[in-house]
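Reviewing the structure listed below.
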There are 2 protein chains.
Amino acid sequence: MAVKPSLLIVEDDLALAELIVWHCEAEGYVVRQTADGEEALLMVAEQMPDAIILDWMIKHVPGIEVLRQLRRDKATAHVPVIMLTARGEEEDRIRGLKTGADDYMTKPFSPRELLARVEAVLRRSRPVTGGQTLVAGDLELDPVAHRVTRGGVAIPLGPTEFRMLVHFLERPGRVQSREQLLDAVWGMDSDIELRTVDVHIRRLRKAINLPGTTDLIRTVRSAGYALGG
Amino acid sequence: MAVKPSLLIVEDDLALAELIVWHCEAEGYVVRQTADGEEALLMVAEQMPDAIILDWMIKHVPGIEVLRQLRRDKATAHVPVIMLTARGEEEDRIRGLKTGADDYMTKPFSPRELLARVEAVLRRSRPVTGGQTLVAGDLELDPVAHRVTRGGVAIPLGPTEFRMLVHFLERPGRVQSREQLLDAVWGMDSDIELRTVDVHIRRLRKAINLPGTTDLIRTVRSAGYALGG
DNA sequence: CAGGTCCATGACAGTTTTGTGACACTCTCT
DNA sequence: AGAGAGTGTCACAAAACTGTCATGGACCTG
């Protein structure tokens, strides 16, 4: 991340967009803005922002489609996205979170609150380590050595379970939908059954859960799974 | 927010203050006024206004200091503030916005314009904390982790109860009719019995109300339900 | 206080969602 | 080719969650 974090704002209400840009710039962010979903994707490809503020109702491509495409490309899969939804569209919000949005704001909102979320989301995204060992409780994973230990003892893991655990450890506590897990662990356009995720969750659980201790992986009914909490 | 939104006006130019008060009252707001920064803070502590109009140049404490103190206290951190600055004080304006003002007006301005901004700011204000989790007393809900805690302890909630609680937390204190809840929680076009809402309210209550404490959800006869209040 | 409206509650039968073991297949290595 | 590990699916079992209803209590109105 550069000295000044860069933001991309995708919003087609010009007045609102300007307001947001103004506040973000006042806060010291480098800001780019577009009203168009397709253009947004181009702008991301051209220069990767540190975070994206994405309106749900925009021209040409609906916000959720933009989000989906972002998540599909490995290069952009980890860029934090805050979505903006209108009041009452709870459905959208939930779909958004399941598709991989990091946070959401309900319109109307105060710019100050948005800034707070941006900051939170940036702070959270930073510790996505590259090469550092990932830790959760007494569980450790060394991405370089490709090695997992629980309380010091090595745990054998198959490749799929390993990738899945990495994914969880990089997002501790956050619910991951089966779709997200499929995309992250198997790669985009693998036509794997959703339920296959369940099976691998089970295998992962069996491997990392010492018998007698509480389950490290939480099932969130009708939403997905999460590591710890 | 009461039937009539209440405003606090902090302005030491008596003529201007009177003008503002007159217009605001004409618009139906309940207005209190002071010329003094310290007194302003006391008045806020005594009775929380729905919005504050804050002059930058006032007695004893500079406006920005008042603002800073307001923002520091969690109870007042979300009250919308419109600051009044003199022409040319660009610096102040930016500092003000960064400190958490919601809007600003440059003197001289027309009362009509001020009223418009007040209205905008009231519409935008959400009585919700700036953070990522939704809070009401010792009840916290993290939408991303999909997790609810009361006084730190996790509370298991079914999907429907969860969505319902989110809805309430985003509108603290406001009564929600059964129709509104149906639309928000079940989706617009679900042909669910109205009374089913009651049942889920009951389940939500049972889940989040620690035995022995007062009910977090208020029943409003022949109107609906509300969170806290 | 009679009668009506509105709300709380427990039960329940039906659905949806998850957990689990088994199995056939593919790969890699020898 | 044979052994062994790892995978993806399935079918069935087990949970978890849902929407309704019937009943009784609370509250209001005259």
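Protein chains get the first letters and strands the later ones, always in sequence-line order, with residue 1 at the start of each. All of these numbers come straight from a predicted model, not from anything done at the bench.
With distances taken from any side-chain atom of A:R203 to the nucleotides C:dT18, C:dG21, C:dC23, the minimum falls on C:dC23. Considering only side-chain atoms of A:W186, the nucleotide from D:dG8, C:dG21, C:dC7 that sits closest is D:dG8.
Where the helix from C:dC1-D:dG30 to C:dT30-D:dA1 starts and where it ends, the local axes point in directions that differ by 30°; five pairs per end, rounded to 10°.
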Taking only N/O atoms, report every protein-nucleotides 25-30 of chain C pair under 3.5 Å with atom names and distance.
none

Restricting to nitrogen or oxygen on both sides, can you table the protein-nucleotides 27-30 of chain D pairs closer than 3.5 Å?
none

Trace of the side chain to side chain contact (heavy atoms under 4.5 Å, CB included) decision for A:E11 with A:I58:
CA-CA 7 Å; A:E11 166 66 65; A:I58 49 177; 5.6 Å; no
Evaluation steps, side chain to side chain contact (heavy atoms under 4.5 Å, CB included), between B:L7 and B:E27:
CA-CA 11 Å; B:L7 305 181; B:E27 195 68 19; over 6 Å; no
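At C:dC6, none of the side-chain N or O atoms of B:T219 fall inside 4.0 Å of OP1 or OP2 (strictly under the cut-off). Dashed line: the shortest gap from a side-chain N or O of A:Y225 to OP1 or OP2 of C:dT17 is not under 4.0 Å.
Of the inter-residue distances, the one linking A:N209 atom CG with A:L204 atom CG reads 8.0 Å to the nearest 0.5 angstrom. The CD1 atom of A:I155 sits 10.0 Å away from atom CG of A:L141, with the distance rounded to the nearest 0.5 Å. Atom CG of B:D50 and atom OH of B:Y29 lie 9.5 Å apart (nearest 0.5 Å).
What you find for B:V31 and B:C24 is that their closest heavy atoms are CG2-CB, 3.6 Å. Closest approach of A:T76 and A:R71 over heavy atoms only: O-NH1, 3.5 Å. Pairing each heavy atom of A:L216 with each of A:I208, the nearest pair is CD1-CD1, 4.0 Å. The shortest non-hydrogen separation linking A:G63 to A:L54 is O-CD2, 3.5 Å.
Spacing between atom CZ of B:R178 and atom C1' of C:dT5 amounts to 12 Å, rounded to whole angstrom units. As rounded to whole Å, 18 Å separates atom P of D:dC10 from atom CZ of A:R202. Per the geometry, CG belonging to B:L157 stands 14 Å off P belonging to D:dA16, to the nearest Å. Remark: P of C:dT20 and CD1 of A:I217 are 12 Å apart, rounded to the nearest angstrom.
Legend: residues meeting side chain to side chain donor-acceptor pair (under 3.5 Å) with A:D13, ordered by chain and number and at least two apart, are absent. For B:E25, the side chain to side chain donor-acceptor pair (under 3.5 Å) test picks out no residue, with sequence neighbours left out. By the side-chain contact (heavy atoms from CB on, under 4.5 Å) test, B:R32 pairs with B:L8, B:M43, B:E46, B:Q47, B:P49, sequence neighbours left out. In this view, A:Q180 and A:S177 satisfy the side chain to side chain donor-acceptor pair (under 3.5 Å) rule, not counting sequence neighbours. Residues meeting the side-chain contact (heavy atoms from CB on, under 4.5 Å) test with A:L41, sequence neighbours left out: A:V66, A:Q69, A:L70.
For residues 158-168 of chain A, proximity to DNA chain D is found at A:P159, A:T160, A:E161, defined as any non-hydrogen atom under 4.0 angstrom from a strand atom. Applying a 4.0 Å cut-off to non-hydrogen atoms, the residues of residues 190-201 of chain A that approach DNA chain C are A:R195, A:D198, listed by residue number.
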Return a table of donor-acceptor pairs under 3.5 angstrom between the side chains of residues 218-229 of chain B and protein atoms on other chains or two or more places apart.
unit_1, atom_1, unit_2, atom_2, d
B:R218, NE, B:G228, O, 3.1
B:R218, NH2, B:G173, O, 3.4
B:R218, NH2, B:G228, O, 3.4
B:T219, OG1, B:R205, NH2, 2.5
B:Y225, OH, B:R178, NH2, 3.3

N/O donor to acceptor pairs below 3.5 angstrom from side-chain atoms of residues 156-169 of chain A, sequence neighbours left out:
unit_1, atom_1, unit_2, atom_2, d
A:E161, OE2, A:H200, ND1, 2.4
A:R163, NE, A:V185, O, 2.9
A:R163, NH2, A:V185, O, 3.3
A:H167, ND1, A:R171, NH1, 3.1
A:H167, NE2, A:Q176, NE2, 2.7

